[in-house]
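Structure first, commentary second.
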Amino acid sequence: MEVLFLILAAVALISGVLVVIQVNPVRSALYLILNFFTVAGIYLLAHAEFIAAIQVIVYAGAIMVLFLFVIMLLNLRHPEEGGEKQHLAQKLSGAALAGVTALLVIYTCTRINLGPAKENVPGFGSAEAVARSLFTDYLLPFEVTSVLLLVALIGAVILAWARLD
Amino acid sequence: MNLPVLVGLMVVKITLVLVVFLTTIAYVVLMERKVLGFIQLRYGPNRVGPWGLLQPLADMIKLLFKEEFTPPHANKTLFELAPMIVAITAFLPLAAIPFADRILPDSLTIYGYQVDLTVAALNRGVVADVNIGLLYIFAISSLAVYGAVIGGWASNNKYSLLGGLRLCAQMVSYEVALGLSVIGVLMVAGSLSLVTIVEAQKSMWFIVYQPLGFLLYLCAAFAECARTPFDLIECENELVAGYQTEYSSMKWGLLMLGEYGHMIIASALAVTLFLGGWQGPFLPPIVWFLIKTFALIFLFIWVRGTYPRFRFDQLMYFGWKVLIPLALLNILLTGVVMMYL
């Protein structure tokens, strides 16, 4: 189990870094898909089968397909041929932002204490358990999320409508 | 411990299922050519073996020995990867589909060892009884689109790319309808495990409770398999052969295996969800399962032989404005009926 976790975590980290440093956006997207898979594998190791399946269906199966679709539709030329040059200000602000984020992450890591995890309740991670907690303890956030999605949906329709006129 | 024996038995079982599946794919191709021939008043293949029964074998040998060609400027790695993705995503869902009830007794004595076969469902007619079986199948088959998209992109050919893009849009649209169409079944059965769903249909097939759900599932499944009337990705008069254009030899063979594999899996899943799976009188369960699955495969071929192709905008309209609202209505109706009856 531990060996599996270490392998999955290593692949997840490496693919995560590759997503950022690839020049070609299609390759970036493919590494991101690999990353989603390893994360789904880690969920499986934690006995959260339902979340693992949803991770693959939603992220790898739907969202990344749309990402790839848009990348291929918009960016048909080879990106190696040179695209826009980056300004010095862009590079500096990017580096500064990354530095601040890294500091925050390190600061947080020093403050939390990682004790042994709590024992799983029986049936943890199954569809029933997730559904029960969604519709009892977390009903309000769940419904608010659905409203948020509805807003995004209406927004998309209105944008498409404006284009049609 | 008898762990090695168990692992050995598991390997034997998986291999058997896979070999049967591959043979079925080969003969479904032959069946399609024969049935299409019959519909179009031709003979179909009838030269190799009696009634052309050895034709799949001849086709396979031909494919294996054909020249392997990779177009220049293609992305080599991804070009090789795409057929593998298509084939693997077509084979993996098979693991969760129950094809029979019990195939072996609860325990056996093998070479003097008492082996408990209830471990890992070895005595059941399913490779893996996953408690989220249906989600597993949807998760794997939602990945099938990558094969086509990556293949289309890596071929460095406009027709291939357009085929891949079309499939992308089509799969994302119809996956929603496919997922929504089976929720009624889940509500009636109360489980995501396909074994439990089949057992829940002991007295009545779910097609009786879910006629609309079955129709919606069929439409969405035709689109997911990119079969006529939804085969716009390989629409010959516009796109040569879509994302498969640049593939040759056994790589093309793998793409074909994947395509027909998806069709068989879609039929088997429809049988499991709506037509009672392996349940049936008199005949052994596995025979019932095969009869029902082949009936649906025949339907796939029949539709291909008789229906014209959609236009792409019609396809999108049908998916988003007809199938999805109807699927939502079906869920609502099922909920209301289950609550008040």
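Chain A is the first sequence line, chain B the second, and so forth, proteins listed ahead of strands; every chain is numbered from 1.
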### Query
Can you tell me how far the CG atom of B:Leu143 sits from the CD1 atom of A:Ile33, to the nearest 0.5 Å?
8.5 Å

### Message
Could you check whether atom OH of A:Tyr59 has more than 12 heavy atoms from other residues, nucleotides or ligands sitting under 6.0 Å from it?
### Response
no

## Note on the structure
Closest heavy-atom pair, B:Ala139 versus A:Ala53, reported as atoms and distance to 0.1 Å, is CB-O, 4.2 Å

### Query
What closest approach, in Å, do A:Gly61 and B:Ser142 show between heavy atoms, and which atom pair accounts for it?
CA-OG, 3.5 Å

#### Entry: Heavy-atom proximity to chain A below 4.5 Å, by part of B:Leu135
both

### Task
Give, as side chain, backbone, both or neither, the part of B:Ala144 having an atom under 4.5 angstrom from any heavy atom of chain A.
neither

#### Entry: Side chain, backbone, both or neither of B:Ile140 within contact of chain A (heavy atoms, under 4.5 Å)
neither

### Task
Could you tell me the separation between the CE atom of A:Met64 and the OH atom of B:Tyr146, rounded to the nearest 0.5 Å?
5.5 Å

### Message
With a strict 4.5 Å heavy-atom criterion, list every residue of residues 8-20 of chain A that contacts chain B, or say none.
### Response
none

### Query
Say you draw a straight line from CD of A:Glu49 to CG of B:Leu192; how long is it, rounded to the nearest 0.5 Å?
11.5 Å

### Task
Can you tell which part of B:Val172 gets under 4.5 Å to a heavy atom of chain A, answering side chain, backbone, both or neither?
side chain

### Task
Working to the nearest 0.5 Å, report the span between CZ of A:Phe69 and CE of B:Met171.
13.5 Å

#### Entry: Inter-residue atom distance A:Ile54.CD1 - B:Phe138.CZ, 0.5 Å rounding
11.0 Å

### Message
Distance check, rounded to the nearest 0.5 Å: B:Trp153 atom CH2 versus A:Leu68 atom CG?
### Response
9.5 Å

